[in-house]
Amino acid sequence: MRNSIKKGLLASVIIVVLSFLGACSADIKDEDSTNKVKLSLDDNKIYVGFSLDTLAEDRWYKDKDAFETTIKELGGEVKTLAANGIDSVQIKQAELLIAEGVDVLVVVPHNAEVTSEIVEKAHKANVKVISYDRLIKNADVDYYISYDNKAVGKLQAAEILKKVDKGNFAYIGGAETDNNAVLIKEGAMEVLKPYIDKGQIKLVFDKYTEEWEPKKAEISMEEALKEQKNNIQAVIAANDGTAGGVIHALQKNNLNVPVTGQDAEVAAIKRILAGTQTMTVYKPIQAIAKNAAEIAMKAGKAEKIETTTTVNNGKIDVPSILLDPVVITKSNIDETVIKDQFIKKEELE
Ligand code: GAL
């Protein structure tokens, strides 16, 4: 599948990039996907590059494992590189994968706009690009696979309203550079709007959280509590990481108010059981990773790919598949995350 031009490029780019990538290798846990450049690839196999923003949240390990497993089951080869949340690193790693002769590149963008450069570079080398979980904006992305992120926000707001539908609310968002964080917020605000318009709910604090960092979310929450003299009745936190920070700040002030989350991380499920977090949103990672791996293999073989919808990324309508997120509360943990073996019961002890 690979052509000789790509291989010719390989030697020069490897020398430049190898030393640089050494700095990022701590991110990669398993043997197969170390940053060592593979020089002895089987030419008959589809070779897939997986470019991750980060492995900082638990979920991305699950994505990586399920994605790599499926590619191998389908007879392909795969290499995953994670960029530690650094744009320039993600671009260099993508360049390396392209130079290595990947047939297709699957990208979880750190920055929705900056990664458009990866799409351009891949296309120049005749490599298709699949945007995974997060949309690359303003670029000719070939396919997009994700969960319905607006629905994630709607589910968060709807669930919190079941607990409290008046008073002072705080919104602690994700990273503004991540298109998902923007969509999740849009979804939540759509549900809250009628209550805000009636004056029943007051949005007293509203801030994105750089890099989705729990510590930064905690600082924001402390700021909100200080400003409002602890008079806050509910918090919509964009994911479990930020929820963790928020809950820490609440606890320091002896408060326990409804808080949302997303990702169904073990820590969050434990908090739900303990009664400090109200809900999380479960996005079955197996489903997105398997689907993406199947699409990647088909794209690599230039086969036809069925999509279900399109999502506009500012430049084009990207053929897309959007999977459904699931609300998790105390009442359905067993029949969802445990049943799917997303989390093992022992992990919750
Ligand atoms: C988002 C993703 C969430 C969460 C977050 C932090 O893009 O949709 O599930 O993991 O990133 O990495």
Side-chain angles (χ1 to χ4, degrees), residues 27 50-67 80 82-87 90 106-115 130-137 141 144-156 171-188 208-218 220 236-246 259-269 277 279-289 291-292 311 313 320-328 336-337 342-343:
D27 248 352
F50 195 22
S51 163
L52 289 178
D53 158 21
T54 178
L55 283 163
E57 282 100 7
D58 287 355
R59 69 154 291 185
W60 301 114
Y61 282 101
K62 289 196 164 89
D63 290 274
K64 176 179 177 293
D65 284 348
F67 183 81
T80 305
N84 281 335
I86 304 167
D87 290 333
Q90 185 160 34
V106 179
V107 182
V108 179
H110 169 251
N111 183 308
E113 301 282 347
V114 172
T115 36
I130 300 168
S131 204
Y132 181 106
D133 193 79
R134 303 172 179 169
L135 186 58
I136 299 174
K137 298 202 70 187
V141 176
Y144 174 44
I145 177 151
S146 186
Y147 286 86
D148 182 339
N149 288 288
K150 219 169 152 186
V152 170
K154 287 185 183 174
L155 292 173
Q156 291 172 329
Y171 189 85
I172 307 286
E176 203 176 359
T177 47
D178 173 353
N179 190 51
N180 286 358
V182 177
L183 294 174
I184 293 163
K185 184 174 173 187
E186 257 173 49
Y208 282 109
T209 308
E210 220 181 289
E211 305 297 336
W212 296 87
E213 251 187 53
K215 190 70 207 164
K216 293 199 170 125
E218 183 174 341
S220 290
I236 305 203
N239 77 343
D240 289 337
T242 50
V246 163
V259 178
T260 63
Q262 172 193 197
D263 284 339
E265 286 189 355
V266 172
I269 302 290
Q277 185 170 327
M279 60 88 77
T280 184
V281 179
Y282 168 45
K283 305 192 288 191
I285 302 290
Q286 282 287 340
I288 186 173
N291 256 287
V311 178
N313 73 347
S320 303
I321 296 175
L322 296 183
L323 307 170
D324 290 326
V326 180
V327 167
I328 304 288
T336 52
V337 284
F342 186 78
I343 287 177

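First listed ligand is number 1; within each ligand, the first listed atom is number 1.
Residues Q262 and K283 bring a donor and an acceptor atom of their side chains to less than 3.5 Å of each other. In this structure, a donor-acceptor pair under 3.5 Å is absent between the side chains of W212 and N239. For Q90 and S51, the side-chain atoms include at least one donor-acceptor pair closer than 3.5 Å.
In this comparison of D178, T242, N239, L52, the heavy atom closest to atom 1 (C) of ligand 1 sits on D178. Taking only non-hydrogen atoms, the option from I285, L183, D263 nearest to atom 4 (C) of ligand 1 is D263.
Each of the following atoms of ligand 1 lies closer than 4.0 Å to a heavy atom of K283: 2 (C), 3 (C), 8 (O), 9 (O). Heavy-atom proximity to R134, at under 4.0 Å, picks out these atoms of ligand 1: 1 (C), 5 (C), 6 (C), 7 (O), 11 (O), 12 (O). Here is the list of ligand 1 atoms found below 4.0 Å of a heavy atom in N180: 1 (C), 2 (C), 7 (O), 8 (O).
Comment: K62 does not engage D58 in a salt bridge, judged by the lack of any side-chain N to carboxylate O separation of less than 4.0 angstrom. Under 4.0 Å is where a charged nitrogen must lie from a carboxylate oxygen, and between K154 and D148 no such pair does.
Of the protein's non-hydrogen atoms, E57 OE1, 2.6 Å is the one closest to atom 12 (O) of ligand 1.
Counting heavy atoms under 4.0 Å from ligand 1, residue D133 touches it through the side chain alone.
An N or O contact shorter than 3.5 Å links W60 to ligand 1 by distance.
Taking the six-membered ring for Trp and the full ring otherwise, Y132 and F50 have centroids separated by under 6.0 Å.
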